[in-house]
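Proteins come first, then strands; the chains are lettered A, B, ... in the order of their sequence lines, and each starts at number 1.
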Amino acid sequence: GESVGLHLPTLSVQEGDNSIINCAYSNSASDYFIWYKQESGKGPQFIIDIRSNMDKRQGQRVTVLLNKTVKHLSLQIAATQPGDSAVYFCAEGRNTPLVFGKGTRLSVIA
Amino acid sequence: DAGVIQSPRHEVTEMGQEVTLRCKPISGHDYLFWYRQTMMRGLELLIYFNNNVPIDDSGMPEDRFSAKMPNASFSTLKIQPSEPRDSAVYFCASSSDSIYGYTFGSGTRLTVV
């Protein structure tokens with residue numbers, strides 16, 4: 001079946017630099033995409049979402065970009081901080097429960 | 001609101017034993033989801049309920065797994081008999097919509113030895 005996947009399983013970033021986490025999706029019918037952050041010992045927490053009628057959405061220090069042509073989703077974190085260290089998941093959906101990717105671990109180097 | 005509450009946080013059991021995981025969703029949320037998380041397979045949807053009714057259980061691995069939602073404030077996921085390959089973190093999430101606004105619990109880490 002169709003699924004959501006990730007390009008990179010781990011990412012190490014220097015504190016203060018920008019981080020980019022990528023995600024590929026295969027279901028062209030999906031119209032809603034979300035990024036979640038999961039810290040050790042906790043459940044996933046909502047970061048930011050985007051609908052398929054948008055290409056970009058910004059939050060506080062985070063930006064999600066959607067490229068429907070190549071079915072690619074990315075999460076940009078500005079001025080990465082130690083507290084950003086976590087596993088990040090993308091997820092997709094359309095009228096049915098969210099399908100999650102396997103996750104990318106972000107490690108921030110102080 | 002205390003969020004989605006799961007119990008126990010950790011469970012260690014012997015192969016063949018029955019395991020029951022519990023979830024209390026956020027009040028007012030009428031969707032409840034059970035996910036399983038492993039390193040190899042990531043977050044997998046096991047089953048979800050809408051208004052206490054199971055809608056899709058196609059993700060339940062096999063007959064050893066069962067889930068119930070007897071009322072709007074409580075759900076259980078039962079594994080009987082448990083096997084070592086069931087070891088994983090099990091998450092419950094609730095929402096007021098099928099795809100928007102999921103709130104996850106802290107999970108139950110299950111170890112079957």
Side-chain angles (χ1 to χ4, degrees), chain A residues 1-10 21-27 29-54 57 59 64 66 73 75 86-106, chain B residues 2-10 21 23-26 29-50 53-60 67 75 88-111:
Chain A
E2 294 181 305
S3 63
V4 176
L6 291 170
H7 293 308
L8 298 172
T10 59
I21 301 171
N22 297 304
C23 176
Y25 66 94
S26 58
N27 187 351
S30 292
D31 61 2
Y32 181 63
F33 304 88
I34 310 174
W35 282 100
Y36 280 85
K37 172 185 180 183
Q38 185 178 22
E39 297 175 283
S40 180
K42 297 182 180 179
Q45 293 178 296
F46 172 89
I47 301 175
I48 190 168
D49 59 1
I50 188 168
R51 295 177 185 271
S52 60
N53 61 352
M54 301 172 67
R57 190 165 188 222
V64 55
L66 176 62
L73 191 69
L75 176 70
V87 176
Y88 290 81
F89 296 91
C90 63
E92 63 173 324
R94 181 187 175 91
N95 300 325
T96 56
L98 295 174
V99 175
F100 287 80
K102 286 188 172 60
T104 294
R105 180 173 299 280
L106 175 65
Chain B
V4 176
I5 300 173
Q6 290 187 246
S7 64
R9 287 297 311 272
H10 303 275
L21 311 181
C23 175
K24 176 179 170 54
I26 290 175
H29 283 185
D30 49 16
Y31 283 87
L32 184 139
F33 309 87
W34 282 100
Y35 281 86
R36 178 171 67 176
Q37 185 176 41
T38 61
M39 289 296 293
M40 291 299 296
R41 301 173 69 88
L43 271 165
E44 302 175 281
L45 178 69
L46 299 176
I47 185 171
Y48 81 99
F49 296 84
N50 179 214
V53 177
I55 303 300
D56 185 355
D57 65 354
S58 60
M60 298 285 263
S75 177
V89 181
Y90 291 81
F91 286 103
C92 174
S94 72
S95 174
S96 56
D97 187 273
S98 62
I99 62 171
Y100 304 128
Y102 288 18
T103 300
F104 282 83
S106 297
T108 295
R109 180 174 294 279
L110 173 65
T111 303

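Taking the six-membered ring where the residue is Trp, B/Y102 and A/F100 present tilted rings, their angle falling between 30° and 60°. Between B/Y48 and B/Y31, the two ring planes are parallel [angle under 30°; tilted spans 30° to 60°].
Using a 4.5 Å cut-off between heavy atoms, A/Q38 contacts chain B through its side chain alone, with no backbone atom that close. At a 4.5 Å heavy-atom cutoff, the contact between B/L45 and chain A is made by side-chain atoms alone. The contact between B/Q37 and chain A is made entirely by side chain atoms (from C-beta outward), counting heavy-atom distances below 4.5 Å. Using a 4.5 Å cut-off between heavy atoms, B/R41 contacts chain A through its backbone alone, with no side-chain atom that close.
Using modelled atom types, one finds a donor on one side chain and an acceptor on the other under 3.5 Å when comparing A/Y32 with A/D49. Using modelled atom types and a 3.5 Å distance limit, the side chains of B/D97 and B/S95 yield no donor-acceptor pair.
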